[in-house]
There are 2 protein chains.
Amino acid sequence: MAGNTSREGAGVVSRAMAILTAFDEAHPRLPLGELSRRADVPLSTTHRIVGELVRLGALARTETGDYVIGRLIWDLGLLSPVHSDLREVASPFLQDLYAGTLATVHLAVRDGSRVLYLDRVTGKRSVPVVSRVGTRLPLHATGVGKVLLAHAPADVQQRVLRRLTPVTPYTVTQPGRLRAQLVAVVADGYATTSGEMTIGACSVAVPVRSGPDVVAALGVVVSSIRRDRPRLVSALQVAAHAISRTLGP
Amino acid sequence: MAGNTSREGAGVVSRAMAILTAFDEAHPRLPLGELSRRADVPLSTTHRIVGELVRLGALARTETGDYVIGRLIWDLGLLSPVHSDLREVASPFLQDLYAGTLATVHLAVRDGSRVLYLDRVTGKRSVPVVSRVGTRLPLHATGVGKVLLAHAPADVQQRVLRRLTPVTPYTVTQPGRLRAQLVAVVADGYATTSGEMTIGACSVAVPVRSGPDVVAALGVVVSSIRRDRPRLVSALQVAAHAISRTLGP
DNA sequence: CCTCGACCTTCCGCTCAGTGGAAGCATAGG
DNA sequence: CCTATGCTTCCACTGAGCGGAAGGTCGAGG
């Protein structure tokens, strides 16, 4: 009735999902009223559906009365084949990379025009980073992002280059300069950043291939790359090649 | 009407959840018909709900026409506070433990009368293990399980001791013998297993405390503990204490 | 102490979304 | 070719879901 493109969004299942997706990284716990507002579902209806979701274990209630995503969804999420082969294969190599460098190690893929972090290994002596597993960040401000962008289809590159939003004062926001970096990334086989996502953090990243295609990126975050860039690059390349070989074509 | 405890299970939301929970570790991909059977929802209804779930991203379809859990659920699962503090705090220590031992390292909690694996670090040189993150295994056949069982309430211990199912020929199935082991676990501060879950794999595990309570267990899997049991125990204890200290009371 | 406001919970009669049997397709195997 | 198996579409009936409104609860402010 309200100018909808077609029949959609009205079903109970849609509404239940709208309620679940009202949660995000910035709002992992929500009170009923806000849940109703964010999901755009009338309060009493939200109340009933939420009650049902709690009964089923998809949501849980905290001591303070807020709602959070329940264990059931956590369990189910682990069954999702979201690059599970890649994660499974890569995991040991990430560990070894961490053991060899004591730097935070990341495995990431491109999700549209964002980097999606699939796995992360951090030690207590590592440089603090913002990314967690499941985080999505802009492609142009991270090492793994630059690798993935450099090997992305032309239309994706263009879309990203058109909207280079700064994250820190050091973020590269001139399309020409980033384009030159991307060419270098392909030529050199690795990408670097320096304070472009987090001030005081540098990163080095390399592509992971399956046959000829770049399917993921492998990166480390350190406080300074000056000192041992060659060592980091070769460690990353060895690990990336090993993952590629294990993945097969 | 069929002797139900109360009105339940009939709602669309329940049915959608029944369809989602039809997936498990042994069946991560299912065709429509089996989904309908496992969820106990009529085929045409399953078809419609599944279609909606796919549209919403909660399910996805493989090339072969089977269904799998979608990326949306994976994303949501990561927002669940399932021991997220514990996992977050413990992760770096698991990495260091792996770096120091090159053995598979596990972080686990008790979930009723099972061990629930929260995190795992495996290297490519490590002994192969069955557990993955999210796996639930019997308490009496694993190192972390014995630790958690030894510190569990009496009624849980009794329930478990009554049903000691063998996993391998070496699994401890005599209640008296296990009970003695549990006493030793509390006294010694660590538990061991030897081929009780997987033949050829041994494990050592210690408790992780928050204040006086045992909230988790930390364990390693190796091919033989004879050689360096003291070294493993002390490495585990150092890491467990560090986690406990970081967790606070 | 009472009042007001923000928020959560319960109620209930109307209505349309969801239901599911059945028929129609598409493949595969005998 | 026919039969079996499994997926998709259809549609008329009906009770599950809807949501406005009324009733609670809690806490801050007068």
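For the numbers below, each heavy atom of this structure counts, side chains included, while hydrogens, waters and symmetry mates do not. These figures come from a predicted structure and were not determined experimentally. Letters A, B, ... mirror the listed sequences (proteins, then strands); counts begin at 1.
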What is the distance, rounded to the nearest whole Å, between atom [atom1] of [X] and atom [atom2] of [N]?
X	N	atom1	atom2	answer
B:E52	C:dG18	CD	P	6 Å
A:L43	C:dC11	CG	C1'	14 Å
B:I49	D:dT8	CD1	C1'	16 Å

[X]: partners by side-chain hydrogen bond (donor to acceptor under 3.5 Å, both in side chains), with sequence neighbours left out:
X	result
B:T142	none
B:T45	none
A:R37	none
B:R71	A:H83, A:D111

Check: protein-nucleotides 24-27 of chain D nitrogen or oxygen pairs below 3.5 Å:
none

Quiz item: Are OP1 or OP2 of D:dC7 and a side-chain N or O of B:H47 less than 4.0 angstrom apart?
Solution: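 Looking at the OP1 and OP2 atoms of D:dC7, neither is under 4.0 Å from any side-chain N or O of B:H47.
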Quiz item: Closer than 4.0 Å, any side-chain N/O of B:R48 to the OP1 or OP2 of D:dT8?
Solution: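 It does not, given that no N or O in the side chain of B:R48 lies less than 4.0 Å from OP1 or OP2 of D:dT8.
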Quiz item: ring pair (Phe, Tyr, Trp, His ring centres under 6.0 Å) with B:Y117: which residues, sequence neighbours excluded?
Solution: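 With neighbours one apart ignored, the set is B:H106.
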Quiz item: Would A:D119 and A:S91 satisfy side-chain contact (heavy atoms from CB on, under 4.5 Å), going step by step from the backbone distance to the final call?
Solution: CA-CA 8 Å; A:D119 204 352; A:S91 175; 4.2 Å; yes
Quiz item: Tell me the side chain to side chain donor-acceptor pair (under 3.5 Å) pairs involving residues 152-165 of chain B, sequence neighbours left out?
Solution: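 Found none.
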Quiz item: Under the side chain to side chain contact (heavy atoms under 4.5 Å, CB included) test, which residues partner B:V54, sequence neighbours left out?
Solution: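 With sequence neighbours excluded, B:V54 shows a side chain to side chain contact (heavy atoms under 4.5 Å, CB included) to B:V50, B:L59, B:Y67, given in chain and number order.
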Quiz prompt | Residues forming a side chain to side chain contact (heavy atoms under 4.5 Å, CB included) with A:D24, sequence neighbours excluded | solution =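 In terms of side chain to side chain contact (heavy atoms under 4.5 Å, CB included), with neighbours along the sequence ignored, A:D24 is linked to A:A26, A:H27, A:R38.
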Measure all distances between protein nitrogen or oxygen atoms and nitrogen or oxygen atoms of nucleotides 21-28 of chain C, and list the pairs falling under 3.5 Å.
residue	atom	partner	partner atom	Å
C:dG21	O6	B:S44	OG	3.1

Quiz item: Do B:R132 and A:E88 meet the salt-bridge criterion of a basic N to acidic O distance under 4.0 Å?
Solution: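 Looking at A:E88 and B:R132, the cut-off is met.
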Quiz item: Which parts of residues 31-41 of chain A get close to DNA chain C, meaning a heavy atom less than 4.0 angstrom away?
Solution: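 Close to the strand are A:P31, A:L32, A:G33.
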Quiz item: Stepwise, does the side chain to side chain donor-acceptor pair (under 3.5 Å) test hold for B:T168 with B:E196?
Solution: CA-CA 6 Å; B:T168 72; B:E196 297 163 41; over 6 Å; no
Quiz item: Where along residues 57-69 of chain B does a heavy atom come under 4.0 Å from DNA chain D, residue by residue in number order?
Solution: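 Per residue number, the list reads B:R61, B:Y67.
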Quiz item: Does A:R15 reach the side chain of A:I49, with side-chain heavy atoms less than 4.5 Å apart?
Solution: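 Yes, their side chains come closer than 4.5 Å.
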Exercise. State whether a side-chain donor-acceptor pair under 3.5 Å links B:T135 with B:E25.
Key: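 On atom types as modelled, these side chains qualify, holding a pair under 3.5 Å.
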